[in-house]
Structure formats: C-alpha cells, structure tokens
Amino acid sequence: LEERFAKLTQGEAFTIGETGFGSGLNFLATVQLWQEKAITDAKLHYISIEKYPLQPKDLAKILSYFPELEAVSN
C-alpha cells in the first residue's frame, strides 16, 4: 500500500473493501499510512462490514495496546 498510495495523482481515488472490521486496526493503520504517503488531494474510500460489532469500551481497551495509532483513533 505504501507504494500505491505514493503513486496516486491529484484527485485520484483509492478504494479498499474489507469484510470483518473487528477492532478497526486495519482501518487505523491504513489511515495512518494514507496520511504519511498519499498526496493531499487524493481520496481514500474504505468500505468495511462487521457482523458482530464490538462495544466502545472493548474497542478502547484494544486500542490502548496500540499507542502509535492514537493520533488517528481519536
């Protein structure tokens, strides 16, 4: 993804489809990488589904183990 994000041109969109959102770690890591590598005018479309969503308190507990993602999780 790092290389593909870096190659995007102005106004170009990149779409990711995911089944099983879970705790959202894939999403947060993707957003973090997007912010680092993609140009400002590119667009990210992230589509995900989850059959059994986690409760906010459970998400907060899981995310507490990944302080490097705090900037994109708040």
Chemist: Could you tell me which non-hydrogen atom of Glu18 sits nearest to which non-hydrogen atom of Asn26, and how far apart they are?
Modeler: OE2-ND2, 2.9 Å
Chemist: Less than 4.5 Å apart, side chain to side chain, heavy atoms only: is that true for Leu63 and Leu25?
Modeler: yes
Chemist: Looking at CD of Gln32 and NZ of Lys37, how far apart are the two atoms once the value is rounded to the nearest 0.5 Å?
Modeler: 11.0 Å
Chemist: With hydrophobic residues grouped by side-chain heavy-atom distances under 4.5 Å, do Ile49 and Leu54 end up in a single group?
Modeler: no
Chemist: For Tyr46, enumerate each residue passing the ring pair (Phe, Tyr, Trp, His ring centres under 6.0 Å) test, keeping only those at least two apart in sequence or located in another chain.
Modeler: Phe27
Chemist: CG of Asp41 to CD of Glu12: how many Å apart, nearest 0.5 Å?
Modeler: 12.0 Å
Chemist: To check you understand the geometry: which heavy-atom pair defines the closest contact between Gly20 and Ser48, and what is its length?
Modeler: C-OG, 4.4 Å
Chemist: For the atom pair OG (Ser23) and CG (Asp58), what is the distance rounded to the nearest 0.5 Å?
Modeler: 10.5 Å
Chemist: Do other residues, nucleotides or ligands put more than 12 heavy atoms under 6.0 Å from Glu36 CD?
Modeler: yes
Chemist: Please tabulate, for the side chains in residues 66-74, all donor-acceptor contacts under 3.5 angstrom to protein atoms that are two or more places apart in sequence or on a different chain.
Modeler:
{"from": "Ser73", "atom 1": "OG", "to": "Leu69", "atom 2": "O", "distance (Å)": "3.3"}
{"from": "Ser73", "atom 1": "OG", "to": "Glu70", "atom 2": "O", "distance (Å)": "3.3"}
{"from": "Asn74", "atom 1": "ND2", "to": "Glu70", "atom 2": "O", "distance (Å)": "3.3"}

Chemist: Report the residues that fulfil ring pair (Phe, Tyr, Trp, His ring centres under 6.0 Å) with Phe14, sequence neighbours left out, ordered by chain and then residue number.
Modeler: Phe5
Chemist: With a 4.5 Å cut-off on side-chain heavy atoms, are Arg4 and Leu8 touching?
Modeler: no
Chemist: Of the non-hydrogen atoms in Gly22 and Leu59, which two are nearest, and what is the gap between them?
Modeler: O-CD2, 4.2 Å
Chemist: State the CD1-OG1 distance between Ile16 and Thr30, to the nearest 0.5 angstrom.
Modeler: 4.5 Å
